[in-house]
Amino acid sequence: MMDGADYGVLAPAWAGTAAASLSSDTAFVQAMLDVEAAWVQVQADAGLCSSKDAQAVHAVASAQRYDLALLASKTPDGANALIPLLGMMRELLAHDGAPASASTALHRGATSQDIIDTALMLVLSKTLAQVQADLRSTADGLAALSQAHRQTVCIARSLTQHALPTTFGWKAASWLSAILDAEKQLETASLQLRLQWGGAVGTLASLEQFLAGNHTAATTSGQLSSQLAEHLGLQDTGAPWHTNRMPILQLGSALGAAIAALGTFGADVLTASRPEIGELSEPREAGKGGSSAMPQKQNPVRSVLLRNAAFSSPGLLSTLFTAAGTAVDERPDGGWHAEWSALRELARLAAGAAFHGSFLANGLSVNLPAMQRNLALGGDAVLSERLATVLAPLVAGGKPAIQALVRRSLNEELPLRELLRAQIPAQDLSDAELTELFDPEGYLGAADRFTATVLAEYSARKELWQSQN
């Protein structure tokens with residue numbers, strides 16, 4: 001049976017995760033219904049309609065009572081889903097025998113953009129909370145890896161090539177640092193979850209007119225807006241943002257940053273999990289990573305999905321920025337409409353990626369022998385930067401001469417130690433001192449200090465998270 005629901009069959013990064021339900025069409029329709037019902041309740045609390053009106057609207061404010069496929073088919077008629085939804089709501093009110101005043105109070109003084117923008121904020125509120133929870137779990141896993149491997153020496157790669165020694169602890173701390181930054185951006189962005197309430201063109205003219213003609217009303221439109229925002233759990237900035245799309249851009253950018261941070265983590269794991277490198281491997285999970293044709297394969301699917309999300313998000317961000325940068329009038333002709341699916345898909349990708357990132361960070365396997373083997377592959381040349389700095393005063397020609405010896409060692413496959421020993425008298429540099437210069441553990445710079453700095457930041461953030469619970 002074809003039901004038209006979006007299950008995410010072609011979106012594996014978020015399919016089957018909490019994002020699928022938190023940002024589904026049903027969730028969005030329910031959010032629109034919640035806004036409409038809350039608005040009538042606020043009016044009832046202010047004596048602008050009866051409690052029976054509010055109860056009647058609440059009774060029809062359930063997405064389960066609507067044919068969403070029919071709703072979607074009617075959406076092109078007004079270029080948004082709220083217009084046909086209002087018609088369906090009023091039909092249900094009549095069907096339920098609600099007083100006519102309930103239909104009058106429904107949507108009073110509001111416009112489609114008020115409901116849709118506010119509903120998107122409600123959907124994002126729940127989705128952002130899930131993203132943050134999973135990012136924090138990801139941070140927990142990376143912090144544990146970083147702490148456990150502060151002294152694990154491995155090769156650092158630059159432009160795909162072996163570069164210098166580093167520690168895996170610092171590598172994990174670098175991933176952690178990005179995740180912490182992304183989590184903080186999302187926390188800041190959550191403050192942009194605002195009520196949008198401005199009426200037809202952002203002046204609330206209809207509501208102001210209604211209140212002016214209602215001599216029993218002892219309230220202002222500003223007070224009503226504040227009460228609505230409080231009822232919905234959103235911020236009230238005191239003015240509508242129908243022409244100011246910065247809240248959308250800030251939310252989208254924060255979601256994109258989270259996806260990018262997770263994408264870098266996933267890409268590094270993918271590289272390190274190649275069999276010829278073999279330094280890392282994903283946790284083996286039943287039903288995960290199998291191949292349809294090759295039984296021996298264990299695909300790194302969690303990392304693949306992080307990379308999938310990272311590839312997908314920039315185009316969505318571009319849509320949001322293009323829509324904001326070309327917005328016109330008091331309601332853009334197409335730009336506003338383009339925001340909806342782009343913002344929702346960014347939220348879905350971020351939620352899905354954070355979910356998979358959490359599993360990956362907390363189950364990643366580290367292959368110490370492979371790290372040692374790969375570090376040794378570079379031979380003595382991986383310490384050439386150190387050698388050039390320390391030994392330049394002892395060799396005629398200085399650094400250029402040392403660099404020439406390194407190139408000769410590589411080209412002619414000659415031991416670099418022997419070439420240096422032939423150039424530097426023993427009285428200037430003993431064999432023990434030369435051997436020490438070739439010890440990768442002695443050339444880690446400030447890696448451990450940087451790791452400690454990131455771990456300290458994590459600990460501080462962790463205390464903050466715990467205090468918020």
Side-chain angles (χ1 to χ4, degrees), residues 6 10-11 13-14 19 22-25 27-29 31-32 35 71-72 74-85 110-128 131 182 185-186 188-203 234-235 237 239-260 263 309-353:
D6 181 5
L10 296 179
W14 57 260
L22 290 175
S23 56
S24 66
D25 281 357
F28 176 65
V29 171
M32 289 193 291
V35 177
L71 175 63
K74 292 177 174 291
T75 293
D77 296 342
N80 71 63
L82 190 277
I83 293 173
L85 181 62
T111 193
S112 299
Q113 186 165 7
D114 294 335
I115 307 302
I116 290 175
D117 280 355
T118 301
L120 279 172
M121 296 300 103
L122 291 181
V123 170
L124 280 169
S125 176
K126 296 176 181 178
T127 310
L128 279 175
V131 176
Q185 285 190 54
L186 280 173
T188 300
S190 67
L191 299 177
Q192 301 301 323
L193 295 171
R194 311 178 186 178
L195 172 74
Q196 158 55 37
W197 209 250
V201 296
T203 62
L234 298 175
Q235 300 292 322
T237 59
W241 45 276
H242 58 303
T243 60
N244 169 17
R245 308 317 286 170
M246 293 305 104
I248 296 294
L249 293 189
Q250 289 163 348
L251 286 164
S253 297
L255 291 166
I259 294 168
F311 276 126
S312 302
S313 66
L316 299 168
L317 276 170
S318 176
T319 296
L320 294 183
F321 275 85
T322 301
T326 59
V328 295
D329 301 327
E330 276 60 53
R331 189 169 301 118
D333 49 357
W336 174 54
H337 308 72
E339 292 174 350
W340 309 334
S341 59
L343 186 59
R344 179 174 74 165
E345 189 62 16
L346 274 170
R348 285 173 158 179
L349 288 171

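Count residues from 1 along the sequence.
- We find the CG-CG distance between L122 and D117 to be 11.0 Å, quoted to the nearest 0.5 Å.
- For the pairing with T111, the side-chain hydrogen bond (donor to acceptor under 3.5 Å, both in side chains) check across R331, Q196, E330 returns one residue only, R331.
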side-chain contact (heavy atoms from CB on, under 4.5 Å) between L320 and E339, worked out | CA-CA 6 Å; L320 294 183; E339 292 174 350; 4.1 Å; yes

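- Side-chain contact between V35 and M32 is absent, with no heavy atoms from C-beta onward closer than 4.5 Å.
- In L10, the CG atom is not crowded: 12 or fewer heavy atoms of neighbouring residues, nucleotides or ligands sit closer than 6.0 Å.
- For the atom pair OG1 (T237) and CG (L195), the distance works out to 8.0 Å, reported to the nearest 0.5 Å.
- Minimum interatomic distance between L85 and L71 (heavy atoms only, all atoms of both residues): N-CD1, 3.6 Å.
- Residue A310 comes nearest to G263 through the heavy atom pair CB-CA, 3.8 Å, listed as atom of the first residue, atom of the second, then distance.
- Note that CE of M121 is 8.5 Å distant from CG of L234, once rounded to the nearest 0.5 Å.
- Here the closest non-hydrogen pair linking A19 and G352 is CB-N, 4.4 Å.
- Using the six-membered ring where Trp is involved, H337 and W340 have ring planes that are tilted, between 30° and 60° apart.
- Once rounded to the nearest 0.5 Å, the distance linking CG of L317 with OG of S312 reads 11.5 Å.
- Nearest heavy-atom pair across A324 and L249 is CB-CD1, 3.7 Å.
- Residues W336 and I248 fail the side-chain proximity criterion, which asks for heavy atoms closer than 4.5 Å.
- Closest of all the heavy-atom pairs between A119 and A31 is O-CB, 3.6 Å.
- Between L128 and L255, the closest side-chain pair of non-hydrogen atoms falls below 4.5 Å.
- The two residues L186 and A258 make their nearest non-hydrogen contact at CD1-CB, 4.1 Å.
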Could you please spell out the steps behind the side-chain contact (heavy atoms from CB on, under 4.5 Å) verdict for R344 and T127?
-> CA-CA 9 Å; R344 179 174 74 165; T127 310; over 6 Å; no

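- Side-chain atoms of R348 and S23 form a donor-acceptor pair, as typed in the model, at a separation below 3.5 Å.
- Rounding to the nearest 0.5 angstrom, the gap separating the NZ atom in K126 from the CG atom in L193 is 12.5 Å.
- Remark: the backbone N or O of A350 is not paired with any side-chain donor or acceptor of W14 at under 3.5 angstrom.
- With rounding to the nearest 0.5 Å, the separation of CD in Q192 from CE in M246 is 10.5 Å.
- Between D77 and I83, the closest side-chain pair of non-hydrogen atoms is not below 4.5 Å.
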